[in-house]
Protein chains: 2
Amino acid sequence: MRDVARHAGVSVATVSRVMSGASNVAEATQSRVQSAVDALDFVPSPAARAINSGRTYMIGALVPTLDHAIFSRFLDALELTLADHGFSLVVATTNDDPEREAQRALDLLNLGVEGFVVSGITRSATFEALIKRHKTPVIATSYFDPNSETPTIGYDNGTAARQALHHLVDMGHSDILVLSGPTWNNDRTKARLDALTGCTQARLTVREIPVTVAAAADHVATIPAHITALLCLSDVLAQGALHGLRRCGLEVPEDISVIGIDDLPSSHSLWPPLSSVHLPVRRMGACAGETLAQWIETGERAAPINLETRLEPRASVRRITPA
Amino acid sequence: MRDVARHAGVSVATVSRVMSGASNVAEATQSRVQSAVDALDFVPSPAARAINSGRTYMIGALVPTLDHAIFSRFLDALELTLADHGFSLVVATTNDDPEREAQRALDLLNLGVEGFVVSGITRSATFEALIKRHKTPVIATSYFDPNSETPTIGYDNGTAARQALHHLVDMGHSDILVLSGPTWNNDRTKARLDALTGCTQARLTVREIPVTVAAAADHVATIPAHITALLCLSDVLAQGALHGLRRCGLEVPEDISVIGIDDLPSSHSLWPPLSSVHLPVRRMGACAGETLAQWIETGERAAPINLETRLEPRASVRRITPA
DNA sequence: ACGGTGTATGAAACTAGTTACATGTGTCAA
DNA sequence: TTGACACATGTAACTAGTTTCATACACCGT
C-alpha cells in the first residue's frame, strides 16, 4: 500500500480510503489512486483488514462426513444462508471421532472462525475447553435438547424413531428387527435406539452394523424367520436391506416390510418406494445459519429450535393381520 | 499479548516465543508466561499471525452445489487430503452460474484463500481477471484438457459418454434416447453431449431436462415407441428414468435398457442394478488436494492429470438382436 | 583475572492495513 | 473582510503479533 501511495503521490490514508469504498475523496485523487493500484496490481491483504476490523466472516462446520446425502444437503442449505449474511463456510470432517473433532476445531479456531455449527451434542472435554476459552458461539444440530448448554437446532431423534416404530405397529407388526448404525460416539443414533428400547408394543431385536449399503445387504441374509418388519435407523441401511432382501429372493413388502429414517431424496423413487421418517435437514441448515449469524452480529445467545420430523408412509410397509 | 507480557513481567517478544513453540526460553520464564496466559484466558489472533507469516492455510472450493452425491464425495476426499497437508477447506456454491462463481471467488479471495479448486473450465471474464491479479493457483476438476490454461485434474467427459454409448451399441441398440441435463453454462455436460453427436452407429434423440429425479421420471412418459435404450448423462436422471418407466408399466431391461454416467454409490443397489460409467471422483478429490498443496508449497505450477473412467455393466442394459 | 562462548531476554523495527485527529484550502454569509 | 463551515488530505497512532539485533549475564578455560 505504501508503494501505491508513493506511486499516486498521496498518503497511505488516502489509498486506504479509496480501497474501502471512498467516502470523501476527491474525484481526481480517486482515479489517480486507482491508476496506481492497477499499475502495480495491488491487492489489499485480507489479514491486515481482519486485524483491524477484528472480523473474519468465517463459520466453521464440523460434520462426520461430507459423503452422505443427509450432511451434504444440510451443508448446502447452511452455506446458502450464511452467504446471504456475508459469511463463508469452512468445512471439516470428524468421522464421528471426538478427538479428531477437537483437533479440527482447534485448526478452525486458528484460522479465525467466528462460530461453529456441529453435529450432535457430544463433544470431547478438549473441545469444550477450547470454545469456553475462545468464547466462540456454537450451535449443535441434528439433535434437539432444550436443556443442552449449547443451543440445539434440530429434531428429536427419539421421536423420529418412535414415528417409524408406531407406523409398523399400526400396520400390525410386532416382530421387528432394528438395524442400527454404530452407537459408539454417535448420540443421534443412540437417542433413536434409546427411544425404541422400552417399547412394549412389539418384540424388538437390535443389530448394530456399519452404515453402508453393503453391510446392510449382507446382514439381512441372517434375519430370523419370525421377523415381519425391518426398522432401519437410517435410509442407507434401508436401501441396503432392500437390495439384500431381493438377493435372498424375499419380496418387499409382501414377505417383509421395511422402513427407514432420513427420507433421502432418492428413497421415494426406489422400488418399492421406501417408507421413511422425513428429517428436515434443509430447513435445519437454513435455521442454523440464520441463528448463528444473528448470534454473532447481536451477541445474544441463540435459542434452541425444534423442527418436526414427519412420517412418509410409502409402499415398503404392508399391513398385516397378527398371527 | 501486551497484557500477558506485563502480567508475567516479561516483554512481548518472550510471550511471542512461548506462544509459538518456545525454542530458547528458560523453563521458569516459560511457565510464568503460561500462567499469565491461563490467568488472562489469552488466545493469539489468527489475523495477526497471518499478517506476519503471509499464510492463511485456506483453500477455496467452488462447486455447483453440495446437494449432489458426486460433488460431496469429491469434496469429502478433497477435505481429507487437504487436512493432511495442513490446509482447511472453504466451500462456496455457484449453482452453475459464472457470475455467482466470480462473486463467490472474490469473497473467498477477500478471506485470504491461497488456492482454488473449481468445477469445469468455463469461467467468467471477471473470475479470470481476478485470479490473474491475485496470482492465485487454480485447479479445474471434473474435466480433462491438457491444453487448458489452468491445470485440469479430472476425466474426459467425452470418453465417459462414448463408453456408455458403445456399451449400448455393443448390446445391439441403435435407437437411443439421450437424457441430458442443461448444457447452458455446464461444460461437463456439453462435452458429454458433443462426444455423442456425430456418432454414426446409432440414431440418437437428445432431450435436455433439469437434473432431478422427478423431471426424468415425468419425461420418460413421452418416449417414442421405437426407442430401445436410454442413455442418461447422469445417474440422477437414470434413477428418475427407472422410476418413471416403472410408473408407465415398462420393465427394465426387458422393455427398454437404461444406462447412466456417474456410478453413484446407490446405483448398484437399485432394482434393476443400474449400468453406469464410473467417475473416479474420490481419487479426483485426493489428487486435486495433493497437487494444489504441492503447487502452493513449491510454487511450481501443477501438471494436468487424466483419470480413467470405467464402464460398469449391470442388469439395466439387455442385449437385443436388431430388428 | 581475563577473554571467549552461549543462552536468555528486551527494545525496536517490522508485517499491512485502518482511523482519529490535525491541518490546509475554498466557499459562503454576515 | 472576516468568521464559520465543509471538504480533502496528511500525520501519526493505532490493530496484534513476529523477528532482528543488541545486550546482559553466566559459565568455562587459560
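A, B, ... follow the sequence lines: proteins, then strands. Residue 1 opens every chain.
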task: Classify the nucleic acid contact of T14(A) as base, sugar-phosphate or nothing, counting any heavy atom under 4.0 Å across all strands shown.
output: sugar-phosphate

- prompt: Choosing from dG17(D), dT18(C), dG17(C), which nucleotide comes nearest the side chain of S20(A)?
  reply: dT18(C)

query: Between atom CG in D3(A) and atom C1' in dT15(C), what is the gap in whole Å?
result: 14 Å

- prompt: Heavy atoms under 4.0 Å, any strand shown: does A13(A) hit a base, just sugar-phosphate, or nothing?
  reply: base

statement: Between CE of M1(B) and C1' of dT15(C) the distance, given in whole Å, is 14 Å

Touch class at under 4.0 angstrom, heavy-atom based, for V10(B) against every strand present: sugar-phosphate

- prompt: Does the pair E149(B)/K132(B) count as a salt bridge with the N-to-O cut at 4.0 Å?
  reply: no

- request: Give a yes or no answer on whether the side chain of S31(B) reaches the backbone of A28(B) with a donor-acceptor pair at less than 3.5 Å.
  value: yes

query: Over how many whole Å does the gap from I51(B) atom CD1 to dT18(D) atom P extend?
result: 12 Å

task: Could you tell me whether S45(A) contacts a base, only the sugar-phosphate backbone, or nothing, with contacts defined as non-hydrogen atoms closer than 4.0 Å?
output: sugar-phosphate

- prompt: Contact class for V43(A) vs. all strands (heavy atom < 4.0 Å): base, sugar-phosphate, or nothing?
  reply: sugar-phosphate

field: Residues Q294(A), H85(A); criterion side-chain hydrogen bond (donor to acceptor under 3.5 Å, both in side chains); working and verdict
entry: CA-CA 9 Å; Q294(A) 222 80 80; H85(A) 288 268; 5.6 Å; no

statement: Out of dT18(C), dG10(D), dG17(D), minimum distance to the side chain of S11(A) belongs to dG10(D)

query: For the pair made of CD in E27(A) and C1' in dC7(D), what is the distance, rounded to whole Å?
result: 14 Å

- request: Would you indicate what S53(B) reaches in the nucleic acid, counting non-hydrogen atoms under 4.0 angstrom: base, sugar-phosphate, or nothing?
  value: nothing

field: Atom pair distance, as rounded to whole Å: CZ in R2(A) and P in dC14(C)
entry: 11 Å

Short side-chain N/O contact from T29(B) to OP1 or OP2 of dA8(C), under 4.0 Å: no

task: Check every atom of dG17(C), dG17(D), dT18(C) against the side chain of N52(B) and return the nucleotide holding the closest atom.
output: dG17(D)

- request: Could you tell me whether E297(B) and R55(B) have a side-chain N and a carboxylate O separated by less than 4.0 Å?
  value: yes

task: Check every atom of dT9(D), dA12(C), dT9(C) against the side chain of V12(B) and return the nucleotide holding the closest atom.
output: dA12(C)

field: Closest contact, heavy atoms only, I139(B) versus A302(B)
entry: CD1-CB, 4.3 Å

- request: Figure out the CG/P separation between N110(A) and dT18(D), and round it to whole Å.
  value: 11 Å

message: Distance check needed: dC21(C) P versus R17(A) CZ, whole Å only.
response: 13 Å

message: Without decimals, in angstroms, what is the distance between R49(B) CZ and dT18(D) P?
response: 5 Å

